[in-house]
Amino acid sequence: LKAVEHVRDGYVVGLGSGSTAAYAIKELGRRLRTGELTDVLGVPTSHQAAMTAVEAGVPLTTLYEHPEVDVAIDGADQIDPKLNLIKGLGAALTREKVVAESAKLFIVVADERKLVETLGGECPVPLEVLPFAVPRVLRELQKTALKAEVRHGTGKVGPIVTDNGNFIVDAHFERIEEPKELHKQLKAITGVLETGIFPGIAKIAYVGTKKAVKRMKRKI
């Protein structure tokens with residue numbers, strides 16, 4: 001709800017994926033219905049976000065019509081003190097990053113369990129990978145990652161398939177001291193379309209705690 005306060009009349013808003021971002025989408029819909037906001041359009045980052053927006057009454061658009069987004073609101077799987085993120089446990093990381101980087105202001109919403117001193121550890125780095133390239137990507141990851149495996153779905157047979165028709169490989173690292181450098185190394189592996197490391201993209205984070213909403217701002 002705090003993140004949605006940044007949205008003004010006429011804004012184009014990036015709509016993140018997942019259960020946390022869904023609260024922001026529903027709040028946008030509520031404000032449009034009550035007239036608190038007018039002429040707002042949403043750019044969804046996944047089929048799930050699009051369906052949530054339709055149910056909430058948020059009109060949709062695309063980056064073709066609006067290549068610059070005013071505000072993007074999305075969740076995160078890990079947040080470090082510098083607002084570097086790991087995202088992608090919902091398998092929408094590529095579209096999420098495209099929309100986040102198209103936004104003038106990228107806001108993260110999460111609960112306090114997502115705060116860490118250093119990225120990595122229990123949270124893997126999701127990679128969106130061309131299915132054809134998975135064997136090579138896994139071989140390359142053996143050189144640096146503690147473990148890497150293709151993510152399999154629940155309720156379906158075989159690997160998770162992204163909205164782009166690709167597979168997700170989860171790469172495990174103990175401590176990610178230099179998120180930007182690791183992102184570059186992983187992105188350089190042929191067949192890796194995008195990584196779940198979001199270094200220096202988020203400007204503000206609203207973190208829900210048991211007592212209040214904590215506001216974090218990236219130091220430039």
Side-chain angles (χ1 to χ4, degrees), residues 3 14 16-18 20-21 45-46 69 71-130 133-134 137-151 160 162 164 166-208 214-220:
S17 302
T20 308
T45 55
S46 65
V69 173
V71 178
I73 303 171
D74 208 343
D77 301 304
Q78 279 192 342
I79 306 171
D80 77 7
K82 295 181 180 179
L83 295 195
N84 296 308
L85 316 173
I86 289 180
K87 290 176 50 57
L89 295 190
L93 58 131
T94 301
R95 294 190 183 195
E96 288 173 340
K97 189 174 283 187
V98 169
V99 172
E101 292 186 341
S102 300
K104 298 175 186 175
L105 175 64
F106 176 40
I107 301 173
V108 179
V109 290
D111 66 66
E112 60 186 332
R113 294 173 298 173
K114 307 299 174 65
L115 295 177
V116 295
E117 283 302 313
T118 307
L119 299 181
E122 294 181 0
C123 183
V125 176
L127 308 173
E128 182 156 354
V129 179
L130 284 170
V134 164
V137 171
L138 290 176
R139 283 186 61 198
E140 287 297 309
L141 288 173
Q142 289 175 0
K143 299 174 183 178
T144 55
L146 298 175
K147 181 176 71 170
E149 70 277 323
V150 176
R151 189 188 305 174
I160 288 282
T162 71
N164 305 313
N166 300 305
F167 290 174
I168 295 291
V169 170
D170 288 320
H172 298 257
F173 299 89
E174 188 170 352
R175 290 173 61 87
I176 303 173
E177 302 289 353
E178 298 292 339
K180 192 171 185 179
E181 289 306 310
L182 180 59
H183 163 71
K184 289 179 180 178
Q185 292 173 21
L186 296 173
K187 192 83 179 281
I189 301 173
T190 303
V192 173
L193 296 179
E194 194 49 76
T195 87
I197 299 175
F198 283 49
I201 303 173
K203 294 182 180 177
I204 297 173
Y206 287 106
V207 180
K214 178 180 179 181
R215 186 180 190 269
M216 301 169 63
K217 188 172 183 181
R218 179 164 62 89
K219 296 177 182 178
I220 301 174

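Along the sequence shown, residues carry numbers from 1.
A distance of 13.0 Å separates CD in E122 from CG in D77, rounded to the nearest 0.5 Å. Interatomic distance, CG of L146 versus CD of E174, reported as 6.0 Å (0.5 Å rounding). I189 contributes atom CD1, which lies 7.0 Å from atom CG of L127 (distance to the nearest 0.5 angstrom).
Side chains of T144 and F173 form a contact here, defined as non-hydrogen atoms less than 4.5 Å apart. Side-chain contact between M216 and L115 is present, with heavy atoms from C-beta onward closer than 4.5 Å.
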Could you go through residues 198-207 and list every donor-acceptor pair under 3.5 Å that involves a side-chain atom there, pairing it with any protein atom two or more places apart or in another chain?
residue: K203; atom: NZ; partner: K104; partner atom: O; Å: 2.8
residue: Y206; atom: OH; partner: H6; partner atom: NE2; Å: 2.7
residue: Y206; atom: OH; partner: R215; partner atom: NE; Å: 3.3

List, one per line, each side-chain donor-acceptor pair under 3.5 Å for residues 179-188, sequence neighbours excluded.
residue: H183; atom: ND1; partner: T195; partner atom: OG1; Å: 2.8
residue: K187; atom: NZ; partner: E194; partner atom: OE1; Å: 3.1

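Between K87 and L93, the shortest heavy-atom distance links the atoms O-CB, 4.3 Å. When all heavy atoms are compared, the tightest approach of I86 to P126 is CG2-CD, 3.9 Å. Closest heavy-atom contact between I107 and A3: CG2-CB, 3.8 Å. Nearest heavy atoms, L85 versus A76: CD2-CB, 4.2 Å. Between I168 and A91, the shortest heavy-atom contact is CG1-CB, 3.9 Å. Here the closest non-hydrogen pair linking V116 and P81 is O-CD, 3.3 Å.
In terms of the salt bridge (charged side-chain N to carboxylate O under 4.0 Å, His left out) criterion, K217 has no residue partners (sequence neighbours excluded). Residues passing the salt bridge (charged side-chain N to carboxylate O under 4.0 Å, His left out) test with R139: none are found, sequence neighbours excluded. When the side chain to side chain contact (heavy atoms under 4.5 Å, CB included) test is applied to A72, the partners found at least two apart in sequence or on another chain are V99, A103, F106. Every residue meeting the side chain to side chain contact (heavy atoms under 4.5 Å, CB included) condition with L138, not counting sequence neighbours, appears here in chain and number order: V134, A148, V150, V169. Contacts of N164 classified as side-chain hydrogen bond (donor to acceptor under 3.5 Å, both in side chains), with partners at least two apart in sequence or in another chain: R95, E128. By the side-chain hydrogen bond (donor to acceptor under 3.5 Å, both in side chains) test, D80 pairs with N84, sequence neighbours left out. For D170, the salt bridge (charged side-chain N to carboxylate O under 4.0 Å, His left out) partners two or more places apart in sequence, or in a different chain, are R151. With sequence neighbours left out, the side-chain hydrogen bond (donor to acceptor under 3.5 Å, both in side chains) criterion links E101 to no other residue. Every salt bridge (charged side-chain N to carboxylate O under 4.0 Å, His left out) that E177 has, sequence neighbours left out, goes to R175.
For Q78 (side chain) and G120 (main-chain N/O), a donor-acceptor pair under 3.5 Å exists by modelled atom type.
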Residue pair I73, V109: steps toward the side-chain contact (heavy atoms from CB on, under 4.5 Å) verdict: CA-CA 7 Å; I73 303 171; V109 290; 4.1 Å; yes
